[in-house]
Amino acid sequence: MSLSPSDDIALSEIGPAGPRPQAVGRELVGRSPGQLAWTRLRRDRTAMISGTVLAVLFIVAVAAPLIERLYGVGPQQQFQDALDSYGMPLGYSGGITGAHWFGLEPGLGRDIFIRMVYGLRTSLFVAVVAAVVTTLIGVAAGVLAGYLGGWIDAVIGWVTDFALAMPFLIVALAFVPTVALRFYGQREAEPALFRVAVIIVVFAIFGWTSAARLVRGQIVSLREREFVEAAQASGVGLAHMLFRQLLPNIWAPILVSFSLAVPSYVTNEAVLSFLGVGVVDPTPDFGAMIFRSINYLQTDPAYVFFPGVTIFVLVLAFNLFGDSLRDALDPKSSR
Amino acid sequence: MTLQERPLDRDAPGGTPVRQREPGPVAEPLLTVEGLTRHFPVRDRLGPRSIVRAVDGVDFDVRPGETLGLVGESGCGKTTTGRMIVRLLEPTAGRIRFDGRDITHTRGRALRPLRRELQIIFQDPYSSLNPRHTIGKIVGIPLQVNGVRPEGGIKRRVQELLEVVGLNPEHYNRYPHEFSGGQRQRVGIARALALRPRLIVADEPVSALDVSIQAQVVNLLRQLQRELGLAFLFIAHDLAVVRHFSHRVAVMYLGRIVEIGARDDIYRRPRHPYTRALLSAVPDVDRPGGATGRIRLAGDPASPADPPSGCRFRTRCWKARDICATEEPTLSPREGGTQLTACHFPETEPPQ
Amino acid sequence: MLRFLIRRVLSAVLVLFAVSVLSFLMFFALPRDPVTAMCPKNCNPARLERVRQELGLSDPLYQQYVGYMKGIFVGRDLNSALGGHCDAPCLGYSYVNSEPVTRTITRVLPVTLSIVIPAAVLWLALGVGLGMISALRRGTVLDRLAIGFSLTGASLQLYFVGAVLLLVFSYTLHVVPVPHYTSIFHNPFDWADGLVLPWLTLAFLFAAIYARLSRAQMLETLSEDFVRTARAKGLAKSTVYGRHALRAAITPIVTIAGMDVGAALGGTVVTETTFGLQGLGRTVWDAVREGDLPTLMATVLIAAVFVVVANILVDVLYAFIDPRVRLR
């Protein structure tokens with residue numbers, strides 16, 4: 001009986017145009033599931049396009065002050081002389097000129113382009129931070145609930161139900177200004193960062209539940225697998241079990257959940273601003289812009305289009321990328 | 001290695017089986033199991049809670065360097081027994097003794113040294129290895145977690161182990177999905193060997209493999225037993241495979257052992273009707289041109305939640321009489337045989 | 001089954017209790033003085049003090065809470081200035097609107113219901129239908145169009161779409177009147193006419209999401225072995241897909257739909273603000289801006305009730321569709 005393994009080697013993936021690896025001398029490196037997924041992602045055209053769009057938008061957001069310097073116009077500058085006596089921007093389509101690429105705001109005469117660049121910055125910052133925080137909390141809760149079960153699971157489940165029962169929008173509407181008032185009173189100016197922090201906190205309180213549910217479900221099905229028992233039989237501790245055995249197996253759904261959470265927070269932040277409890281004017285923001293534009297729908301329809309289309313493109317790119325990410329990580333998923 | 005004659009087990013007066021030890025090179029059993037029991041309470045909708053008696057009073061022992069085969073159909077409790085022995089499950093009752101020490105309820109810190117002596121091989125090669133770890137890491141984790149520092153380092157040791165089980169040590173950095181089922185089982189075996197245990201519970205290690213690969217893996221286990229002096233509790237439902245690798249065999253039915261004895265005794269002279277029925281279903285290569293008369297069992301297998309009174313097998317046994325329903329047969333030597341059988345009317349004639 | 005139901009209802013009651021306590025604390029226990037908030041801008045200190053007395057705000061918090069809850073279930077006595085006895089369900093008195101909150105609610109609730117329920121019917125029919133069909137016709141032009149539609153819809157913002165539709169159909173083309181509310185009992189045609197834009201907006205956006213969801217679910221179900229077996233057995237396509245596959249695919253959608261409808265009922269703020277309709281959501285918004293705490297508290301509770309009841313209904317429905325749930 002031969003004990004040589006060459007009889008039943010079954011390499012499921014042979015590298016692109018690579019020769020059979022030499023067995024002697026060189027150390028063979030296998031392709032981890034993560035590397036395989038990355039390769040699949042690179043081949044997906046939609047992913048590459050949407051990914052590029054997102055990268056560009058991120059760069060724009062981060063480089064906002066630089067862009068302001070190059071562009072020459074600030075977000076708070078008012079160009080009253082470019083407005084007519086009714087406050088409407090002169091010129092074509094809301095005041096588009098070489099100096100003001102997207103035109104001017106009616107009423108205050110601020111430049112729309114640079115305000116949108118800064119608005120992008122706010123949106124992405126809030127959305128990414130909120131997504132990170134909620135994913136972290138959600139994963140922690142889900143892992144504990146899923147693996148330890150028992151009363152921990154029951155408690156976390158109940159808290160999840162509770163968080164879902166609270167009407168998010170209404171509570172946010174009530175909570176945000178109340179908290180702001182408590183710290184800053186009626187007359188004091190509230191720093192933008194504080195408001196941003198409050199918004200993120202509200203998102204965190206409500207948003208962790210979906211990640212927690214997802215992770216819990218994954219862990220529950222995972223803990224029946226024999227490698228978990230094998231790890232127990234080897235004598236691993238709880239921390240090792242959670243972080244080294246279980247978590248590496250669920251990073252894929254977590255990543256997908258994160259990538260789809262970001263656009264939802266972009267939307268939610270814009271909704272809050274639309275309703276007046278988001279970032280305070282004069283800080284630029286998409287939602288606030290669109291809210292203002294509704295009053296000018298008939299007189300200056302261009303005003304509504306710029307922020308509306310931009311936010312649409314942003315969210316669409318995230319959704320497309322998230323979908324492609326999911327496909328790359330789990331090729332069996334239905335598409 | 002020649003098979004030692006098994007010491008004769010005699011009934012002590014009073015009915016409780018007591019093992020008499022014959023002096024000899026094969027001394028104390030490594031693992032002794034007495035009255036091992038595991039019940040699972042089942043929460044029913046509205047009705048009373050029922051209890052699944054997965055394992056209901058099991059006795060056996062395993063000597064150093066020998067293999068005890070544990071066979072039975074699905075649901076008879078053999079996997080549960082195996083899990084209890086390596087302490088992945090808590091016994092509801094009974095006792096487990098390893099190397100003289102009572103380990104029935106050991107847990108936590110005290111369990112650590114035990115892990116180095118008792119290990120387990122799992123059935124499913126596709127789910128028993130963490131898909132995110134390289135096989136080097138998989139085999140190395142027991143060493144890492146138990147603070148073992150072999151000379152030359154963990155990596156060197158892992159590569160030695162890979163070689164021992166017949167894998168290319170250069171594949172240290174490969175992932176499980178790059179291997180076939182048989183190879184993955186070898187990885188599982190290497191992992192079980194890492195801490196140099198003295199007894200390995202092999203829970204259906206070849207059931208999920210192609211028949212041609214099964215032989216390879218079983219031969220590997222035999223070789224390892226020879227070279228390392230390992231004892232095995234070999235759990236399986238395939239009698240042909242068990243025959244190849246066990247010194248002694250125990251047959252389980254519905255949570256109880258119905259027959260236990262030396263391999264040849266069980267296979268050549270099965271006395272319990274259930275054992276007979278099981279063996280009659282094994283295709284016999286030695287007899288071309290027709291299998292021996294296949295015994296078909298009538299009736300449905302009883303449920304472990306509600307086992308029949310008296311002898312549990314009586315609902316499917318063609319020899320059942322009144323006494324079988326009222327009095328549970330004990331596992332003891334019966335007239336005309338050297339193995340222990342739990343039956344009021346054991347078979348006396350060898351099968352055709 | 002009954003046991004399951006009882007357990008769910010108990011858990012729901014507990015949740016509602018927690019919601020009521022939390023919102024009570026949030027509104028009445030924050031350092032900001034609730035009275036100043038409740039009383040419109042031009043209150044002098046004497047009036048403030050009297051209001052405080054009338055509302056029993058000098059009482060310990062838990063007593064106030066009990067009084068409030070008692071009011072909801074059996075009614076309670078308010079000061080005569082506030083209208084004397086307040087029948088159950090008593091939700092307090094709003095200084096801002098100068099009327100009992102209950103009356104405000106009864107006025108605005110039908111608006112929200114009229115917006116959400118027909119829209120929900122539309123979006124479920126359209127979304128789930130589209131999703132299922134595109135799953136069955138995977139890869140065809142219809143499928144691609146459906147995917148495009150759902151991605152677009154899922155990425156659009158409600159107020160943006162609403163604004164654009166308003167601009168196009170109402171202000172420019174004059175096809176539909178400016179959105180307004182008339183009771184269905186007064187004039188059904190005007191009711192529909194006034195609400196068609198919000199319906200279409202909501203339907204479009206949510207249908208997109210549900211199309212995506214049900215397509216994915218259906219595809220997953222269709223790839224399961226039992227579908228192949230059913231086809232191999234010779235069952236007609238319509239039976240296999242319509243009865244077996246649909247049933248399996250629809251269960252998660254039911255859960256999400258229930259949650260969404262429940263949430264929508266409590267949160268149509270954006271729709272109502274965009275279209276200028278005075279429903280529950282808009283009332284909440286006004287209450288926030290004007291610091292009308294009793295109204296705010298009441299609306300939070302009602303919204304929570306919607307969500308919780310929707311969840312229970314969904315669970316019951318789920319138990320009917322999926323027998324495994326019953327056996328737990």
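Order of the sequence lines fixes the chain letters, A, B, ..., with proteins taken first and strands second; residue numbering starts at 1 for each chain.
Both the backbone and the side chain of Phe305(A) have a heavy atom closer than 4.5 Å to some heavy atom of chain C. Looking at Ala270(A), both its backbone and its side chain come within 4.5 Å of chain C, counting heavy atoms on both sides. In this structure, chain A has no heavy atom under 4.5 Å from any part of Thr172(C). Using a 4.5 Å cut-off between heavy atoms, Leu301(C) does not touch chain A at all.
In this structure, Arg212(C) CZ and Asp323(A) CG are separated by 4.5 Å, a value rounded to the nearest 0.5 Å. Phe291(A) CZ to Thr273(C) OG1: the interatomic distance, rounded to the nearest 0.5 Å, is 7.0 Å. The OH atom of Tyr159(C) sits 10.0 Å away from atom OG of Ser293(A), with the distance rounded to the nearest 0.5 Å. The CZ atom of Phe274(A) sits 4.0 Å away from atom OG1 of Thr274(C), with the distance rounded to the nearest 0.5 Å.
When Asp161(A), Val313(A), Leu316(A), Val309(A) are compared by the number of non-hydrogen pairs under 4.5 Å with chain C, Leu316(A) comes out ahead. Listed options Ala12(C), Ala163(C), Ser155(C) were ranked by heavy-atom pairs under 4.5 angstrom with chain A; first place goes to Ser155(C). Put simply, of Leu166(C), Val308(C), Thr152(C), the one with the most heavy-atom pairs under 4.5 Å next to chain A is Thr152(C). The residue among Gly308(A), Pro307(A), Gly287(A), Gly276(A) with the most heavy atom pairs within less than 4.5 Å of chain C is Gly308(A).
Remark: Phe113(A) engages Tyr71(A), Trp101(A), Phe102(A) in a ring pair (Phe, Tyr, Trp, His ring centres under 6.0 Å) (not counting sequence neighbours).
Residues Gln157(C) and Ile290(A) have side chains not in contact (no heavy-atom distance under 4.5 Å, counting atoms from C-beta outward). Between Phe160(C) and Ile311(A) the shortest side-chain heavy-atom distance does not fall below 4.5 Å.
Using non-hydrogen atoms only and a strict 4.5 Å limit, no part of residues 256-266 of chain A faces chain C.
Nearest heavy atoms, Ala18(C) versus Trp158(A): CB-CH2, 3.7 Å.
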